[in-house]
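What follows is one structure encoded as structure tokens, with my remarks underneath.
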Amino acid sequence: MFPTPLSLEEAATLSPQTVLLAVQGWLHTEQKLAAFQEQIDALKHQLDWFKRQTFGQKSEKRIPEAPTQQLTLAEALGIATPVPPAEVPTRRIPAHTRKSTRSQAEERAEAVPFFDADKVPVTTIEVPNPEIAGLTPEQYTVIGTRETYRLAQQPGSYVVIKYVRPVIKRLDTQVIHCPAAPVGVLEGSRADVSFVAGMIVDKFLYHLPLYRIHQRLQDGGFTLSRPWLTLLMQQIVGLLEPIHDAQFASIRASRVKAMDETPIKAGLKGPGKMKQGYFWPVYGEQDEICFPYCESRRAEHVDQLLGLTAPPGSILITDGYAAYSRYAQKTEGLTHAQCWAHTRREFYESQDADPQRAAVALEMIGQMYAVEAEIRDLGLKGVQKHEVRLTKTQPLVEAFFTWVADTAADTGLLPSNPLSKALAYAHKRRAGLEVFLSDPDVPMDTNHLERGLRVIPMGRRNWLFCWTELGAKQVGIVQSLLTTCRLHDINPYEYLVDVLQRVAQHPSSRVAELTPRLWKQHFAANPLRSDLYNILK
């Protein structure tokens, strides 16, 4: 109202209504400034987050310094720890010059095998000795050989198997006979099982799109169409789908499960636009994982995938998405556990707004993870693991939530402050975050699931999207089996070569035996091979 400051004499001449209007205007301006400042703080927090995602360190791991006076977990449990060897006395010797033996060292290094001879084909090249040129065999004696290994690569690794089938005519019956061609995975297909398995591994394990595989084939001298590769992939995934379903049934029957969701573009929404779909990865207690696909992130998909009945004493560990809490409330006999890693992430994201108090929270959570690391290093299970969590971790958890309550009572924290949101996130989920203390089979977080679902975002960076929803479903089927193979230390290529030949003749009632976990027990010792294996062997 007053563009220039007023003097005392000028202010004394103002009417009461003018003063009241001036005070109201000042208060309104203060409110607008406070709102603007709150918006600026929120935008600064978002900008810091984007900078950290683009240029900064994304790891949330913290390594706290152990107190010098504190016993280790092994010492507290009375477990003997290895004693480091005593220092060996040394003495200094005069320096001297020695003839270089670089070539001998290189020969010794090149003579060390760095591969599995049972899996890698080796081509042997005989190197002639120039010293025996012009000598007769009676003039020298071969006393041994030295071997040198070099890693080599051919321009293309594709091979054509040619089956030659003799056509005969029996003279006694005058009947012409010709043996049938070996049965392939797909009737009438030109693809050998080794090619099919390799194509699946290249696309889903090493994230090589089909158009690049097609380019490699063309560069290798093959004349094939890309639609043929697409159709071949769809037919093969159809053979693997019953195995995936059996594995998903095993996961649903698990007492302890972890679940999450991750986005994927699948299906055309319009010209140049893709629909947003979601994989809902589920991890079972026997180290099996499946990636069912759904068209949205709606809560009803959790009901459809897991069902509204659960085994006795079941536990579902997830992040803070409200859909899982609603599912747990209407599923009888199910306990909902929450993830500490997601709770820690909330405080990690609040460091820019309140670094001191965020550091306190991260330090306290880090101490809990330090106990879990010691439990893992010592290989504790069952009762021992439970006792350690009760004696060492439970006091840390209680101290953490006491600190959360005291800090949240600070009236100086605005509701929009990221630290306030982190405190509310932790306080609201306290019951779920304490579940792992009472059950040794429940992990502290869903990091094991996060590591398993990493194949999906890695694939998105390569093949970007799926043309159809059916394609997304097929991606989930294949990745479920390949990721589970990795979890059980199974070679995915050997698994696929065996299973694709076995699935047509295996009883449908025992299809669960072809899931990676059970396949390792029944068939891994003597798997079925391609004819190419016998040729190269």
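Please read all numbers here as calculations on a predicted model, not as lab measurements. One-based numbering along the sequence shown.
No donor-acceptor pair closer than 3.5 Å links the side chain of R297 to the backbone N or O of P263. In this structure, Q351 contributes its side chain and Y348 its backbone to a donor-acceptor pair below 3.5 Å. Listed for the T230 side chain is a donor-acceptor partner under 3.5 Å among the backbone atoms of R226. One N or O on the side chain of Y495 and one on the backbone of L514 form a donor-acceptor pair closer than 3.5 Å. At least one donor-acceptor pair closer than 3.5 Å links the side chain of K520 to the backbone N or O of H488. At distances below 3.5 Å, at least one donor-acceptor pair connects side-chain atoms of Q479 with backbone N or O atoms of F204. A donor-acceptor pair under 3.5 Å is absent between the side-chain atoms of T331 and the main chain of A328, judged by distance alone. Looking at R389, its side chain does come within 3.5 Å of a backbone N or O of F436 through a donor-acceptor pair. Remark: side-chain polar atoms of W340 are paired, donor with acceptor, to backbone N or O of L433 under 3.5 angstrom. A distance-only check finds a donor-acceptor pair linking the side chain of T468 to the backbone of G471 [under 3.5 Å].
Relative orientation of the W280 and Y321 rings is tilted, given thresholds of 30° and 60° on the angle between their planes. Aromatic ring pairs are classed by plane angle as parallel below 30°, tilted from 30° to 60° and perpendicular above 60°; the pair F248 and H244 is parallel.
Partners of P507 under the side-chain contact (heavy atoms from CB on, under 4.5 Å) rule, at least two apart in sequence or in another chain, are S509, R510. Under the rule for a side-chain contact (heavy atoms from CB on, under 4.5 Å), the partners of A191 that lie at least two apart in sequence or sit in another chain are S189, F195, V196, W228, L232.
Between K265 and Q276 there is a side-chain heavy-atom pair separated by less than 4.5 Å. The side-chain heavy atoms of W519 and I490, taken from C-beta on, include a pair separated by under 4.5 Å. Residues I243 and V511 meet the side-chain proximity criterion, which asks for heavy atoms closer than 4.5 Å. D445 places none of its side-chain heavy atoms less than 4.5 Å from the side chain of T343. Between S250 and T515, every side-chain heavy-atom pair lies at or beyond the 4.5 Å cut-off. Proximity of S254 to E288: side-chain heavy atoms (C-beta onward) are nowhere separated by under 4.5 Å. Contact annotation: the side chain of F291 never approaches that of I477 to less than 4.5 Å [non-hydrogen atoms, C-beta and beyond]. Side-chain contact check for Y324 versus D319: some heavy-atom pair is nearer than 4.5 Å.
One finds the CZ atom of F279 at 10.0 Å from the SG atom of C294 (value rounded to the nearest 0.5 Å). Rounded to the nearest 0.5 Å, atoms OG (S350) and CG (N417) are 7.5 Å apart. Distance check: Q474 CD to M233 CE gives 9.0 Å after rounding to the nearest 0.5 Å. Rounded to the nearest 0.5 angstrom, D192 CG and R190 CZ are separated by 13.5 Å. For the atom pair CG of L437 and CG of L390, the computed distance is 7.0 Å after rounding to the nearest 0.5 Å. Separation of atoms CE (M368) and CE (M444) is listed at 6.5 Å; rounding is to 0.5 Å.
The shortest heavy-atom contact between Y493 and G198 is CE1-N, 3.7 Å. Closest heavy-atom contact between V503 and L239: CG2-O, 3.7 Å. Heavy-atom minimum distance, Y163 versus P182: CE2-CG, 3.4 Å. The two residues R344 and N447 make their nearest non-hydrogen contact at NH2-ND2, 4.5 Å. Residues P527 and A524 approach most closely at CD-O, 3.3 Å, considering heavy atoms. Summarising the geometry of K257 relative to I251, their closest heavy-atom pair is CD-O, 3.2 Å, with the distance given to 0.1 Å.
One finds a salt bridge joining D303 and K330 here, because a Lys/Arg side-chain nitrogen approaches an Asp/Glu carboxylate oxygen to under 4.0 Å.
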* For V302 and M259, run side-chain contact (heavy atoms from CB on, under 4.5 Å): C-alpha distance rounded to whole Å, both residues' side-chain angles, the deciding distance at 0.1 Å, then the answer. => CA-CA 9 Å; V302 185; M259 193 172 189; 4.1 Å; yes

* When you look at Q235 and V185, which way does the side-chain contact (heavy atoms from CB on, under 4.5 Å) test go after all the steps? -> CA-CA 10 Å; Q235 292 174 323; V185 176; over 6 Å; no

* Start with the C-alpha distance between L205 and V455, add both sets of side-chain angles, then the distance that settles side-chain contact (heavy atoms from CB on, under 4.5 Å), and finish with yes or no. => CA-CA 8 Å; L205 201 60; V455 295; 5.9 Å; no

* Would you check, one step at a time, whether the test side-chain contact (heavy atoms from CB on, under 4.5 Å) holds for Y327 with T318? => CA-CA 11 Å; Y327 170 76; T318 69; over 6 Å; no

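With R430 as reference, E434 is the one residue of H427, K428, E434 to meet the side chain to side chain contact (heavy atoms under 4.5 Å, CB included) rule. The side chain to side chain donor-acceptor pair (under 3.5 Å) test with D439 is passed by exactly one of H386, R255, K385: R255.
Looking at S480 and Q247, their side chains never bring a donor and an acceptor atom within 3.5 Å of each other. Checking Q338 against Y425 by side-chain atom types alone, no donor-acceptor pair falls below 3.5 Å. Q304 and H301 share a side-chain donor-acceptor pair at under 3.5 Å.
Within 6.0 Å of NZ in K473 there are 12 or fewer heavy atoms belonging to other residues, nucleotides or ligands.
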Tell me which donor-acceptor pairs under 3.5 Å the side chains of residues 310-317 have, and how far apart each pair is, sequence neighbours excluded?
from: S314; atom 1: OG; to: P311; atom 2: O; distance (Å): 2.5

